[in-house]
Amino acid sequence: MNYYTDNRVLRHYLKHPLMQRIVRMQERDYTQSAQYNYAPVDFNEAVEGYEQVLELVGELCADVIAPNAMAIETDGPTLKDGRVIYAPATEQNLDLFRKAGLMGISMPREYGGLNFPRTIFILIEDVVSRADAAFGNLWGLQDCAETILAFGSKEQCDRYIPRICSGETMSMDLTEPDAGSDLQSVRLKATFNEEEGRWYLDGVKRFITNGDSDVHLVLARSEEGSVDGRGLSLFIVEKNCGAVHTRRIEDKMGIHGSPTCEIVFNHAPAELIGSRRMGLIKYVMALMNGARLGIATQSVGIAQATYNEALEYARSRKQFGKAIINFPAVYDLVGTMKARLDAARSLLYETSRNVDMSGQFTELARERTLTPEERAESKIFAKKADALTPIVKGIGSEIANLNAYDCVQVHGGSGYMRDYVCERLYRDARITSIYEGTTQLQVVAAIRYATSGFYGQLLDEYLAVEVPETLMPLKARIEKMVLSYKEAVAKVQSLGCQESLDFLSRRLYDMAAYSIMAALLLADSAADEELFASSLARFVALAEALIAGHAAYISGYTPDFLSNYEK
Ligand SMILES: Cc1cc2nc3c(=O)[nH]c(=O)nc-3n(C[C@H](O)[C@H](O)[C@H](O)COP(=O)(O)OP(=O)(O)OC[C@H]3O[C@@H](n4cnc5c(N)ncnc54)[C@H](O)[C@@H]3O)c2cc1C
C-alpha cells in the first residue's frame, strides 16, 4: 500500500496551472541547478522530484507510521527529570523521517533543506496526517524554521536552520494559563542583562506541543509595564541551555503521541528574533498563519483517514444478509464524507497556492526591488492568503470532526471500541478546531472579509471560470447560493449593530466557506470531471441546504436572541 499513489486526488494538485509559476519562482528560474547538481532544470524535473518524495512518504506512512500509531497511543510519551521521552515507536518514526531526508522540506538548499514550495510541503503533510496526526505534529513543527528564515538574522539562520534540516525538533511556545485565545495577555518575562548583552526568560508556558523540543520559539513580554501585544517580542531558546524544563505532560483526549507540555523557563538564556515589540504583531502572526494552514492540512488528512476507514468497514460488514454499504442510509453517510473531504481539500490547495505565491514575492522582494506590477500582484496574493487561511483552518477542522463522527456511526458499536482506528481518529479530530486558534477565533479573523465584500468578489472571480456544458446546471446553483450569501451579509449589515454582527458572524462565515468550497470544487471538476464531479454534485446539495438554513435563521433573527440566557 502507498498513501500517496493510492489517492489519485493528490496528484491532481501538482498539475494546477499556477504550480508552474510557483515552482519557477521557488527555483529562481531554475538557476539553482548551476550550483546544486540535484536541483531541477525545469518544471517537469521538479515535479518528478516531488513525486519521488511523495511516493517515498506514501510508502513510509502506509508501512510504518500508520501501523505504529496504535503502539504510540498505548505507550505515549513519558516525563523523566524534566525531559520528555517519546514512545519508542515515535523515536522510530522520527528516525525514519530523518534518514529519509524529510526534515527541512521547505528550507533553502544552502542550509541542507529540500527547497520545496509550500504547496508540496502541504501535500506531504496531507499524507502524513492521514497516517498519524500526532506524529504529523512533531514532524510538522519543522515549519517553525520558516519564522527564523523570514525574520531572524543571517547569523541565526546559519546557526539554526541546518540543525532543523538535520532533524532537530521545534516548538512554538505561545500559550500561558491566562493567555490562550488572547495572546496579548502573555506575561512570561524577558529581561535584558546589559552587562552580558543577553536576554533571559522567566515564567511558565502551558499546552505546548513538543514542549521539550531542541529549539523553542517563545513569545515573551520584553517591555516592562506594557499590557498589550506591543510589549511582546519573539525569542529563540535552546533546550540544551539547561534552564527550560517540562513540568508536566497533559493527560488528554487524543493525539496521544504528541506531548502537550507545561514548561518552565528559569532564567533561560534567549536570543531575540528581529526587532523588539514586533513579536506578536508581526512574527507570531506570520508563524500562526503558517501553523493554521498546517492544522487545516492535518484536518484534511484526518478527514481522508475517516473516509477510508468508513468505506472499508461498510464494504466488509454484513447485516440483514448484505454488506451495509448497500443501505442508502450508510452510503449517504459515506458519500457525504467524501464530498466534504474533496471540498475541504479543494479549499486547502487554493489557500496553499496563494500562501505560496505571496511568500514567493516576499522572498523576491528581499533580493531585488519588485516592479509595480509585481507589487500589485503580490498584494493580491497576500490578501487572498490572509482571507482564505481562517476559512480553511476553521471549516477544514469542523469537517474533520463531522467526518470523524460519521465514521464512528458507520462502524456502529465497533466504532466505540479501541480496536478500531476510527475511535482514535474521532479523538484526534477533536483538537483541530481548538488549537492554533479555535473556530470562533477564525471567524473573528475572517468576518471583515465578509463585511468588506472581499469573499463576494472572490466568489465572483471563481465563478467567472469557464466550465463544460455538463457542469453548467451545478454552476447555476452555486451562483444562487452566492446570491443568498451576499443577501445575508447585506441583511446583517443593515441591522447596524456590532453585537448582532458578532452573534451572526459564524453563520455568515459558514455561508462564505461552503460557497467558496463549492466554487473551488467546480473549478477542480472542470479540470478533471471524472475525478470530482460526483463529489461536486453531492457537495452543492449539502451547501445549498446549509446556506438555506442559515439564511432562514438570519432572516428570523431579532435582537432578543442576544438575551435569552444568563450572562
Ligand atoms: C493539545 C493541545 C496542543 C496545543 N499546542 C500548542 C502549542 O504548541 N503552542 C501554543 O502556544 N499553544 C498550544 N495550545 C494552546 C491552544 O492554542 C489554545 O488552547 C487555544 O488557542 C485556545 O485557548 P484556551 O485554551 O485558553 O481557550 P480560551 O481562549 O479560554 O477559549 C475558551 C472558549 O472561548 C472562546 N473565545 C475566546 N475568546 C473569544 C472571542 N474573542 N470571540 C469568540 N469566542 C472566544 C473560544 O473559542 C473557546 O470556545 C495547544 C492546546 C492543546 C489543547
Side-chain angles (χ1 to χ4, degrees), residues 73 76-77 84 133-144 147 169-188 201 203-220 229 232 234-235 237 244 246 248-263 265 279-280 283-285 287-292 294-296 298-299 302 390 393-394 397-398 400-401 424 427-448 498-499 501-509 562 567:
E73 272 278 301
V84 173
F135 172 67
N137 276 351
L138 302 183
W139 168 81
L141 275 161
Q142 60 174 282
D143 201 24
C144 293
T147 302
T169 64
M170 296 194 74
S171 62
M172 199 177 75
D173 308 359
L174 314 175
T175 303
E176 295 175 8
D178 293 323
S181 300
D182 176 17
L183 287 174
Q184 303 214 38
S185 308
V186 156
R187 280 211 291 242
L188 190 119
L201 303 190
V204 175
K205 292 280 180 191
R206 92 166 169 170
F207 294 170
I208 306 305
T209 300
N210 199 33
D212 192 27
S213 68
D214 299 303
V215 181
H216 299 247
L217 296 185
V218 190
L219 185 64
L232 300 174
L234 191 64
F235 296 89
V237 172
V244 48
T246 299
R248 168 188 157 88
I249 300 178
E250 303 293 341
D251 183 11
K252 57 192 190 294
M253 182 190 293
I255 52 163
H256 287 157
S258 167
T260 306
C261 307
E262 186 165 293
I263 50 183
F265 294 80
L280 181 64
Y283 312 141
V284 167
M285 284 302 151
L287 175 68
M288 285 210 306
N289 267 342
R292 284 175 177 173
I295 301 306
Q298 179 173 72
S299 303
I302 293 174
K393 190 316 182 159
S397 64
E398 296 293 331
N401 276 282
R424 171 174 63 80
R427 289 181 288 103
D428 286 357
R430 193 63 193 87
I431 189 58
T432 58
S433 57
I434 295 172
Y435 60 8
E436 286 316 328
T438 61
T439 302
Q440 289 69 29
L441 266 288
Q442 304 310 311
V443 174
V444 170
I447 199 65
R448 67 198 156 110
Q498 185 61 44
E499 196 169 349
L501 171 63
D502 291 347
F503 186 86
L504 294 168
S505 59
R506 171 65 193 272
R507 286 169 203 276
L508 294 181
Y509 170 94
L562 302 176
K567 275 192 192 168

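Computation of the quantities below employed the complete heavy-atom set of this structure, encompassing side-chain atoms and omitting hydrogens, waters and symmetry-equivalent molecules. Both ligands and their constituent atoms are indexed starting at 1 by order of listing.
There is a protein heavy atom less than 4.0 angstrom from atom 46 (C) of ligand 1. Under the 4.0 angstrom criterion, atom 30 (O) of ligand 1 counts as lacking any protein heavy-atom contact. Under the 4.0 angstrom criterion, atom 34 (O) of ligand 1 counts as lacking any protein heavy-atom contact.
Taking every non-hydrogen atom of L441 and a distance limit under 4.0 Å, the qualifying atoms of ligand 1 come out as 38 (N), 39 (C), 40 (C), 45 (C). The contact set between ligand 1 and I208, taken as ligand atoms under 4.0 Å from a residue heavy atom, comprises 7 (C), 8 (O), 9 (N), 10 (C), 11 (O).
For T209, heavy-atom contacts with ligand 1 shorter than 4.0 Å involve the backbone as well as the side chain. Only the backbone of E436 comes within 4.0 Å of ligand 1, counting heavy atoms alone; no side-chain atom from C-beta on gets that close. Proximity of L174 to ligand 1, defined as any heavy-atom pair under 4.0 Å, is shared by backbone and side chain alike. With a 4.0 Å heavy-atom cut-off, ligand 1 is reached by the backbone of T175 and by its side chain too.
Protein heavy atom closest to atom 19 (O) of ligand 1, with residue, atom name and distance, is F207 CD1, 3.8 Å. Looking only at heavy atoms of the protein, atom 37 (C) of ligand 1 is closest to S181 OG, 3.7 Å. When only non-hydrogen protein atoms are considered, atom 53 (C) of ligand 1 lies nearest to I431 CD1, 3.4 Å. Looking from atom 48 (C) of ligand 1 to the surrounding protein, the closest heavy atom is T438 CG2, 4.0 Å. Distance from atom 1 (C) of ligand 1 to its nearest protein heavy atom, with residue and atom name: T260 OG1, 3.5 Å. The protein non-hydrogen atom at the shortest distance from atom 42 (N) of ligand 1 is V444 CG2, 4.0 Å. Of all protein heavy atoms, the one closest to atom 20 (C) of ligand 1 is I434 O, 3.6 Å. At the shortest separation from atom 44 (N) of ligand 1 among protein heavy atoms lies Q440 CB, 3.6 Å.
Remark: side-chain polar atoms of R506 are not paired, donor with acceptor, to backbone N or O of Q440 under 3.5 angstrom. Judged purely by atom type and a 3.5 angstrom limit, Y435 has no side-chain atom pairing as donor or acceptor with the backbone of I295. In this structure, D428 contributes its side chain and G254 its backbone to no donor-acceptor pair below 3.5 Å. With hydrogens and angles ignored, the 3.5 Å screen pairs a side-chain donor or acceptor of N210 with a backbone N or O of M170. Between the side chain of K252 and the backbone N or O of I431 there is no donor-acceptor pair closer than 3.5 Å. Using a distance-only test at 3.5 Å, with no hydrogens or angles considered, a donor-acceptor pair links the side chain of E176 to the main chain of R187. Judged purely by atom type and a 3.5 angstrom limit, K393 has no side-chain atom pairing as donor or acceptor with the backbone of G294. Between the side chain of Q442 and the main chain of E436, a donor-acceptor pair closer than 3.5 Å is present.
Distances between N or O atoms of M172 and those of ligand 1 include at least one value under 3.5 Å. Not a single N or O atom of R206, backbone or side chain, sits closer than 3.5 Å to an N or O atom of ligand 1.
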query: Is there a side chain to side chain donor-acceptor pair (under 3.5 Å) between D182 and S185 once you walk through the steps?
result: CA-CA 6 Å; D182 176 17; S185 308; 2.7 Å; yes

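The number of heavy-atom neighbours closer than 6.0 Å to CZ of R430, taken from other residues, nucleotides and ligands shown, is 12 or below.
The CG atom of L138 sits 9.0 Å away from the CD1 atom of I255 when rounded to the nearest 0.5 Å.
N137 and Q298 form a side-chain donor-acceptor contact under 3.5 Å, judged by distance and modelled atom types alone.
Ranked by closest heavy atom to atom 26 (O) of ligand 1, the top entry among G180, S185, A179 is G180.
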